A.B. asks: 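First the structure, which I've put down as structure tokens, then a few questions once you've had a look.
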Amino acid sequence: MMRKTMFKKAVFAVAAAISLGLTVSARAQDEPHFSKQDWSFYGVFGTFDRPSLQRGFQVYKDVCSACHSLRLLSYRDLGGGGAIDGGIGLSTDEVKAIAASVQVTDGPNDQGDMFQRPGRPSDRFVSPFPNEQAARASNNGALPPDLSLIVEARPGGPDYVYGILTGFKDAPAGFTVNQGMYYNETFAGHQIAMPPPLSDGAVTYADKTQATVPQMAHDVVTFLTWAANPELESRHRIGVKVIIFLVILTGLLYAVKRKVWSDVH
Amino acid sequence: MASSAQSGAHGAQGAGVKRRDFLYLATGAAGAIGAAIAAWPFIYSMNPAADVLALSTVEVDLAPVQTGQRITVKWRSQPVFVAHRTEDEVKAADDVNLEELRDPQADSARVKKPEWLIMVGICTHLGCVPLGQKPSDPRGEWKGWFCPCHGSQYDTSGRIRKGPAPANLAIPQYAFLTDTTIRIG
Amino acid sequence: MSEPAWKNPAVKWIDERMPIFTVMRHSAIEYPTPKNLSYWWNFGSLSGFMLVLMIATGVVLAMQYTPNSELAFDSVERIMRDVNYGWLLRYVHMNGASFFFIAVYIHIFRGLYYGSYKTPRELLWWLGLVILILMMATAFMGYVLPWGQMSFWGATVITNLFSAIPLAGKHIVTWLWGGFAVDNPTLNRFFSLHYLLPFVIVAVVFLHLWALHTSKSNNPLGIDTKGPQDTIPFHPYYTVKDLFGLGVFLIVYLGVVFFVPNFFGEPDNFIPANPLSTPQHIVPEWYFLPYYAILRSIPDKLLGVIAMFSSIFVLFALPWLDFSRVRSARFRPVYKKVYWLLLIDVLVLGYVGANPPEGPILYVGRIATAYYFLHWLVIVPLIALFERPKPLPTSIGTPVLGAAAAASARTMEKA
């Protein structure tokens with residue numbers, strides 16, 4: 001009997017060793033490098049830090065929106081309500097004001113022309129460029145990606161995006177940076193087409209928090225994680241209730257099972 | 001043997017029954033509640049989504065609408081007639097014996113400001129959009145609106161006068177935000 | 001044998017004209033089930049539950065989804081953001097596919113261990129394999145629907161495989177695509193078929209259950225039931241046990257849905273499909289990884305496709321490849337070892353499928369593929385021929401005589 005379990009263990013150990021060995025296979029220079037950060041939204045009970053969300057939105061609006069669209073979001077999402085609660089904690093009037101501060105293309109009017117009008121909460125976020133070609137033309141052929149889902153679309157998620165934003169450094173000696181590219185510690189291959197978007201004090205925060213690069217990066221990544229997962233807080237809240245209910249129900253079912261089976265065992 | 005196994009589960013009487021039945025009852029109730037809670041999102045998801053609800057109000061600027069002009073505005077995927085009535089049209093709407101109306105309603109009950117008539121432009125018969133918004137459209141005997149589908153005729157207050165429609169053109173919920181803008185819905 | 005009468009007059013009236021209630025009582029209440037089934041027997045009903053859940057969530061999602069290449073990605077995002085509980089329905093459906101496969105794979109491996117494919121259950125086994133194939137087709141097409149990068153490129157790679165078919169290959173692929181590449185016509189027809197196939201699965205599940213009820217359930221000892229002393233009615237014993245198992249399963253499944261819903265996913269699928277840009281690594285969903293590894297391990301295109309499909313088709317022959325009269329691996333010490341080796345081989349193949357086929361992984365994949373076919377075609381028949389099984393217990397358990405016999409059977413089970 002011992003030999004059989006030993007045999008099983010040996011086979012598992014061999015398989016595990018092979019798997020481990022293969023994971024370590026080095027393609028390290030092509031992989032992004034970044035470290036893990038602390039995020040308020042991590043974990044089963046994670047929530048969004050509301051002030052950070054609002055600061056992050058300010059960073060997006062003042063810095064990133066010049067090149068990056070956020071086309072899957074509508075202005076009304078900032079105020080929450082509807083299918084997803086929470087938003088980033090802005091009131092209906094604040095949301096209306098933000099929407100009204102941008103011009104939105106609408107039409108055609110009765111003359112057949114498209115026209116500009118102030119935005120409404122029901123409008124989608126305005127894109128900086130009308131189409132991909134215009135975006136590339138303004139950015140040396142590179143396309144600034146839409147940011148609605150960027151935190152989910154990259155392995156490493158929030159940590160990776162934070163790493164990119166804080167990873168702009170002077171290139172080390174001997175490293176040649178190509179024309180129109182910038183050295184970035186995190187980006188795979190270390191050359192990225194985006195110029196460093198953040199610098200200390202680039203944004204003046206409404207809540208007077210000091211706007212260092214790590215602070216702005218942290219806030220905008222929090223905002224972008226919300227943008228990709230606006231339902232996160234609902235999901236966590238309902239999830240905790242569902243699991244607790246299921247644990248109780250499963251416990252009851254186990255008791256019933258034992259009771260019903262008591263005459264067979 | 002199967003039957004003895006079965007009676008083993010259900011058979012024993014006495015104090016054991018109470019405790020066992022309570023367990024079954026509690027578990028069954030918890031399961032039923034769980035099933036109901038689980039079914040809710042399926043049903044509720046069919047309610048209007050957030051983007052549909054966001055478009056459930058529309059604001060209309062009345063300033064460009066001249067006296068005597070009628071415009072059509074889209075609200076909740078439906079046409080809404082916004083008519084800037086002339087004095088004659090308002091007088092004709094007031095000068096009516098309510099007894100004669102199929103759907104008795106005073107004009108004053110249908111408007112907030114007498115010169116602005118705002119109503120859903122869908123015939124209450126079978127849902128066509130009545131004509132009368134353009135000066136060249138047929139407007140029927142009462143110079144209001146005329147539905148070409150089955151001949152219903154509405155007066156200058158949008159009330160049904162002739163034809164198969166059973167009710168007056170519906171008045172949507174609306175409010176004046178300023179003297180020259182309204183919000184519908 | 002006369003049936004007990006129905007008390008409720010409405011039930012009686014219907015049953016006299018169409019005996020649905022009698023049939024339900026026979027198959028779900030009275031159905032004589034071996035009394036020694038372990039928890040490994042829960043996974044059939046768990047699979048059935050997942051099928052129903054996938055259809056329910058799928059139908060409701062289809063009310064909001066748009067199967068047009070310009071609109072599909074955004075319609076899924078609309079479901080996630082604007083539709084009431086849309087995020088929940090989507091995550092349940094998306095992770096439901098993974099958990100459906102988890103339940104079905106465990107269910108299959110249970111069958112492999114206890115010889116549930118052996119006579120008289122060959123047809124039952126085949127129907128199960130048909131269900132698996134239909135599930136794989138449904139899941140493949142379902143993954144295309146969000147029209148992300150991985151949706152598009154996975155569809156491109158897999159549909160391109162059919163070009164390996166000699167002579168007609170290219171035409172078949174054009175016919176599948178409805179065009180010259182995966183594009184809107186492909187998406188539209190995949191949506192239609194993705195909606196249809198689950199109902200075909202329901203029909204085959206019905207046949208699968210009919211075949212099961214004809215031969216009756218196998219059991220961990222692999223020996224036939226001898227009479228009512230070996231069985232208990234399905235209700236309340238197994239209804240209650242299945243519900244408990246469902247509770248445990250749901251805790252794990254909904255734990256994933258609510259807390260790590262993108263665990264099984266690919267970041268690249270959050271990027272809208274771009275026909276002009278191929279992702280660095282094209283990876284299918286985890287439940288396809290072993291077949292993907294087999295496909296890529298063979299350098300020839302046609303042979304790779306044949307090997308991949310053969311990896312499932314070989315299982316149809318299993319009742320004849322493994323002609324040992326002993327069903328349960330509990331009494332087959334050599335087969336048992338080889339079973340574990342197979343399981344490890346399949347896991348290794350899965351790992352290989354997840355990685356680019358370069359360097360040492362390529363060789364591991366080839367060895368694992370060769371071993372897979374060696375297992376079914378050589379090892380299993382040889383074991384059936386030469387293995388000396390342990391002595392089988394006389395019966396599943398007799399309550400009166402049983403103490404000694406049951407005790408000796410128990411010691412043998414532990415071995």
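None of these values were measured; they are calculated from a predicted model. Chain letters run A, B, ... following the sequence lines, proteins first, then strands; residues in each count from 1.
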A.B. asks: May I ask you to establish whether A:Lys257 and A:Trp261 are in a cation-pi arrangement, using a distance under 6.0 Å from NZ or CZ to the six-membered ring centre and at most 45° from the ring axis?
C.D. replies: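 Because its charged atom sits under 6.0 Å from the ring centre and within 45° of the axis, A:Lys257 does stack over A:Trp261.
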A.B. asks: Quick check on A:Leu72 against chain C: is it the side chain, the backbone, both or neither that has a heavy atom closer than 4.5 Å?
C.D. replies: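 The answer is both parts of A:Leu72.
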A.B. asks: Measure the acute angle between the ring planes of A:Phe41 and A:Phe48, then classify it against the limits of 30° and 60° as parallel, tilted or perpendicular.
C.D. replies: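 It falls in the tilted class, 30° to 60°.
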A.B. asks: Regarding C:Ser217 and C:Tyr31, is there a side-chain donor-to-acceptor distance under 3.5 Å anywhere?
C.D. replies: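 C:Tyr31 and C:Ser217 do have a side-chain donor-acceptor pair below 3.5 Å.
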A.B. asks: Can you tell me how the ring of C:Tyr335 sits relative to the ring of C:Tyr339, calling it parallel under 30°, perpendicular over 60° and tilted otherwise?
C.D. replies: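 It falls in the tilted class, 30° to 60°.
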A.B. asks: With chain A, which of C:Asp345, C:Asn269, C:Asp74 has the greatest number of heavy-atom pairs at distances under 4.5 Å?
C.D. replies: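 Counting heavy-atom pairs under 4.5 Å, the top option is C:Asp74.
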A.B. asks: To check you understand the geometry: which heavy-atom pair defines the closest contact between C:Lys390 and C:Pro333, and what is its length?
C.D. replies: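 Result for this residue pair: CG-CD, 4.2 Å.
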A.B. asks: Tell me, for A:Asp146 versus chain C, whether the close heavy atoms (under 4.5 Å) come from the side chain, the backbone, both or neither.
C.D. replies: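 A:Asp146 has no heavy atom closer than 4.5 Å to chain C.
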A.B. asks: Given a strict heavy-atom distance threshold of 4.5 Å, which part of A:Arg71 is in contact with chain C: side chain, backbone, both, or neither?
C.D. replies: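 The side chain, not the backbone.
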A.B. asks: In terms of heavy-atom proximity below 4.5 Å to chain C, should A:Ala255 be classed as side chain, backbone, both, or neither?
C.D. replies: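 No part of it gets close to chain C.
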A.B. asks: Parallel, tilted or perpendicular, judged at 30° and 60°: which one describes the rings of C:Phe99 and C:Phe249?
C.D. replies: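 Correct class here is perpendicular.
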A.B. asks: Given heavy-atom pairs under 4.5 angstrom as the criterion, report whether the side chain, backbone, both or neither of A:Val242 touches chain C.
C.D. replies: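 Contact with chain C involves the side chain of A:Val242 alone.
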A.B. asks: What residue, out of A:Val247, A:Ile243, A:Leu246, has the most heavy-atom pairs lying under 4.5 Å from chain C?
C.D. replies: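 Ranked by contacts with chain C, first place is A:Leu246.
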A.B. asks: Tell me which pairs pass salt bridge (Lys or Arg N to Asp or Glu O under 4.0 Å) where either residue lies in residues 257-275 of chain C, with sequence neighbours left out.
C.D. replies: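 Of all non-adjacent pairs touching residues 257-275 of chain C, none passes salt bridge (Lys or Arg N to Asp or Glu O under 4.0 Å).
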A.B. asks: Against chain A, work out which of C:Gly245, C:Gly255, C:Pro261 has the most heavy-atom pairs shorter than 4.5 Å and name it.
C.D. replies: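 When all of C:Gly245, C:Gly255, C:Pro261 are compared, C:Pro261 has the most.
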A.B. asks: What part of A:Ile238 gets closer than 4.5 Å to chain C, counting heavy atoms only: side chain, backbone, both or neither?
C.D. replies: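 Both backbone and side chain of A:Ile238 come within 4.5 Å of chain C.
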A.B. asks: Please report, to 0.1 Å, the donor-acceptor pairs under 3.5 Å made by any side chain of residues 156-165 of chain A, with sequence neighbours excluded.
C.D. replies:
from     : atom 1 : to      : atom 2 : distance (Å)
A:Asp159 : OD1    : A:Gln37 : N      : 3.0
A:Asp159 : OD1    : A:Trp39 : NE1    : 2.7
A:Asp159 : OD2    : A:Tyr42 : OH     : 3.4

A.B. asks: Given heavy-atom pairs under 4.5 angstrom as the criterion, report whether the side chain, backbone, both or neither of C:Phe73 touches chain A.
C.D. replies: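 Answer is side chain: those atoms of C:Phe73 sit under 4.5 Å from chain A.
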A.B. asks: Identify which of C:Lys241, C:Gln149, C:Arg78 forms the greatest number of heavy-atom pairs closer than 4.5 Å to chain A.
C.D. replies: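 Top count of heavy-atom pairs under 4.5 Å with chain A: C:Lys241.
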A.B. asks: Which region of A:Ser74, side chain (C-beta onward) or backbone (N, CA, C, O), has a non-hydrogen atom less than 4.5 Å from a non-hydrogen atom of chain C, or is it both or neither?
C.D. replies: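 No part of it gets close to chain C.
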